[in-house]
Novice: 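Before I ask anything, let me first share the structure, which is written out below as structure tokens.
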Amino acid sequence: MQQLFFTVLLAALATGGMLLLGGGLFLLAEGERALWQEARGLGRDLSFLVLDDLLLSDRLAVEEKLRHLKDRYPHLAYVYILNPRGEVVAHTLSGGVPEALARLGGEKVLQVGGKTVYQVEAGIMGGEAGVVRLGLERTPLVASFFRVVWAGLFGLLWAVGLGGALGYLFLTRLLEPLSLMVQEASRLKEGQPARFPEPPHELGALGRALNAMGAEVRRRERDLRLLNRLLSEMHALDLATLSERVLGLLVRELGFTCGDLWLSGRVVHCEACRDRCPLGGVASLAQEALASRQVVVRPQGVAVPVPPHGALVLHGRPEVEEAWLRAFLEALAGPLATALENARLYEALAEKEAQRARLLKAWLKAQEEERARIARELHDEVGQALTGLILGLEGLPGDRVEALKELARHTLTEVRRLALDLRPSVLDHLGLEAALRRYVREFAERTGVEVDLSLHLTRPLPQELETVVYRVVQEALTNVARHSGSPQASVGVVEVLGEVRVFVEDEGRGFDPEAVDPGRQGLLGMRERVELLGGRLSVESAPGQGTRVQVRLPIGVAA
């Protein structure tokens, strides 16, 4: 109670102090702004007052006006007037205007005679007739700030003291039962018997409710602890692991001999206690529980239905109350059914994913083979036909013949480029390094994008891995040419710690990866190829900061 009281008291003091300080600082800032405005206004007004006197060269009148201004504003530190040549015409300083001060023009915060001065400057007739400079002291502003702070602090201390005295009297009467309840709650938390006070006022209902709750907590503490442990074990998605963990925990904690899990005629044993389990009786108990949709208790064991197609069979009879055992196992049936269904779906999903991966792998292999076949046909048949056409046109006169020969040469170049994009023969015959160097060179010639290629491989890679690396670089550079707008790009292929790391980066316009459709064909194709070989693909980019595509592929056994 005392701790709460002092906490509230300190919180009130701290809050009031912060508000007071914040208000004082705000007033100080506003006062400083007002002081600047006052100084600027005085400078403008004085420039108009002395204009005629300066034009008439009436220096005495100018000095009289300066003295009058000094008398009206006690916090005016100084004021002096300079003619267009920078000479002092009049001033209010007893010892004259120091040369260092005269050189400091414009609006500034200065230290003059140990005091902070806000200096402003105003031109007389736009500066053609001279300049007025004056400085106002900050001392009155600071003094006002401290007067406000001290007055507010005194009021805060008086208010907090009065409120604290009244609050202490109120809290003493109100919080004493609460303090006792906190002590009893600590005992209850530690597992000790607790009895909450039941005062005659409104807190009595709270005390009675807490006493009832304490009794219920003690009754359910073991149930919840065991259920939580079981639920934590049910996170396993593998059916064998899930069964072993749940059965083993139930056998240990409840005192059964052993346990089995029955799923559509399939029996999953508890391996840790398998030697103690009977040879039969699992199916009959499981089917009886599943048919009745209730916990079945028999002399030889207990069966818990796990709809729709399973049951939990625990052999033996533990020394616990039957009603409690039924209630506990009924509470366990629902989460266990969910966990088993998750395990079944996980197995089905894993099988589907494996099938999809096999199909995708076969499809990519067939795609590469078909690309290679089409590339060979383009190179051998179409390329040879175009070459024969060009040779047949050689020696024939005429501009139209020259145009036809140029068209045939261009078509032959495009056919060879298409064949290279489909399946570069150099990749099959000379390997990844030669294929990448050739592709990068032709890519730069075709698109104008300069590519810096870095290759550091210590051994030949498997053909399937080389194909994936080549296709990733090809697709990434295509995206650079289409979307980045960058005049150059970098490509690296490095072997590090048993894996191949590939990166393609540019300094183009970049994009937001979160805003890009994840199903976009280019990125999706690269990701599928990489993940089929157990690798990872990541894209790092931001608008205006370029793009970096990075791939990590395990090498496995080199071909």
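In this text the structure is predicted, and so the values were computed from the model without any measurement.
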Novice: List the steps, then state whether side chain to side chain donor-acceptor pair (under 3.5 Å) holds for T458 with E495.
Specialist: CA-CA 7 Å; T458 61; E495 179 183 344; 2.6 Å; yes

Novice: Are the side chain of R471 and the backbone N or O of M526 linked by a donor-acceptor pair below 3.5 Å?
Specialist: no

Novice: Heavy-atom distance under 4.5 Å between the side chains of V539 and F511, does that happen here?
Specialist: yes

Novice: What are the two closest heavy atoms between V530 and R552, and how far apart are they?
Specialist: CG1-O, 4.5 Å

Novice: To the nearest 0.5 Å, what is the distance between OG1 on T447 and CZ on R482?
Specialist: 12.0 Å

Novice: Can you give me the closest heavy-atom contact between F443 and A481, atom names plus distance?
Specialist: CZ-CB, 3.8 Å

Novice: Taking side chain as C-beta onward, heavy atoms only, is R501 less than 4.5 Å from E499?
Specialist: yes

Novice: Does the side chain of H456 reach to within under 4.5 Å of the side chain of V493, using non-hydrogen atoms?
Specialist: no

Novice: Go through it in stages, so that I can follow the logic: the residues are V491 and L436, the test is side chain to side chain contact (heavy atoms under 4.5 Å, CB included), and I'd like the CA-CA distance, side-chain angles, deciding distance and then a yes or no.
Specialist: CA-CA 10 Å; V491 177; L436 284 179; 5.6 Å; no

Novice: Side chains of L455 and R437: closer than 4.5 Å at any heavy-atom pair?
Specialist: yes

Novice: State, to 0.1 Å, how close W36 and K108 come at their nearest heavy-atom pair, and which atoms those are.
Specialist: CH2-O, 3.5 Å

Novice: Which distance, rounded to the nearest 0.5 Å, do you find between the CD of E531 and the CG of L537?
Specialist: 8.0 Å

Novice: Taking it one step at a time, do L533 and E464 satisfy side chain to side chain contact (heavy atoms under 4.5 Å, CB included)?
Specialist: CA-CA 9 Å; L533 296 186; E464 189 176 20; 3.6 Å; yes

Novice: What is the minimum heavy-atom distance between L477 and A489, and which atoms define it?
Specialist: CD2-CB, 4.3 Å

Novice: From Q463 CD over to L432 CG, what is the distance, rounded to the nearest 0.5 angstrom?
Specialist: 11.5 Å

Novice: So R459 and I555, do their side chains get closer than 4.5 Å, heavy atoms only?
Specialist: yes

Novice: CD/Q550 to OG/S538 distance, rounded to the nearest 0.5 angstrom?
Specialist: 5.0 Å

Novice: Does atom CD (E450) have a neighbourhood of more than 12 heavy atoms from anything else shown, all under 6.0 Å?
Specialist: no

Novice: Locate the shortest heavy-atom distance separating G510 from S541; write the atom from each residue and the value.
Specialist: CA-OG, 3.4 Å

Novice: Could you go step by step and tell me if F503 and V549 meet the side chain to side chain contact (heavy atoms under 4.5 Å, CB included) rule?
Specialist: CA-CA 5 Å; F503 69 86; V549 177; over 6 Å; no

Novice: Taking NZ, NE, NH1 and NH2 as the nitrogens, is one of them in E442 or R446 under 4.0 Å from a carboxylate oxygen of the other?
Specialist: no

Novice: With the side chain counted from C-beta on, respond yes when L553 and V468 share a heavy-atom pair under 4.5 Å apart, and no when they do not.
Specialist: yes

Novice: For a quick test of reading the model, state the closest non-hydrogen atom pair linking R293 to P305 and the distance between them.
Specialist: C-CG, 3.7 Å

Novice: Once you round to the nearest 0.5 Å, how far does CD of E475 lie from CZ of R527?
Specialist: 12.5 Å

Novice: If you round to the nearest 0.5 Å, how far is CZ of R509 from CD of Q545?
Specialist: 15.0 Å

Novice: Do V500 and L465 touch side chain to side chain, with heavy atoms closer than 4.5 Å?
Specialist: yes

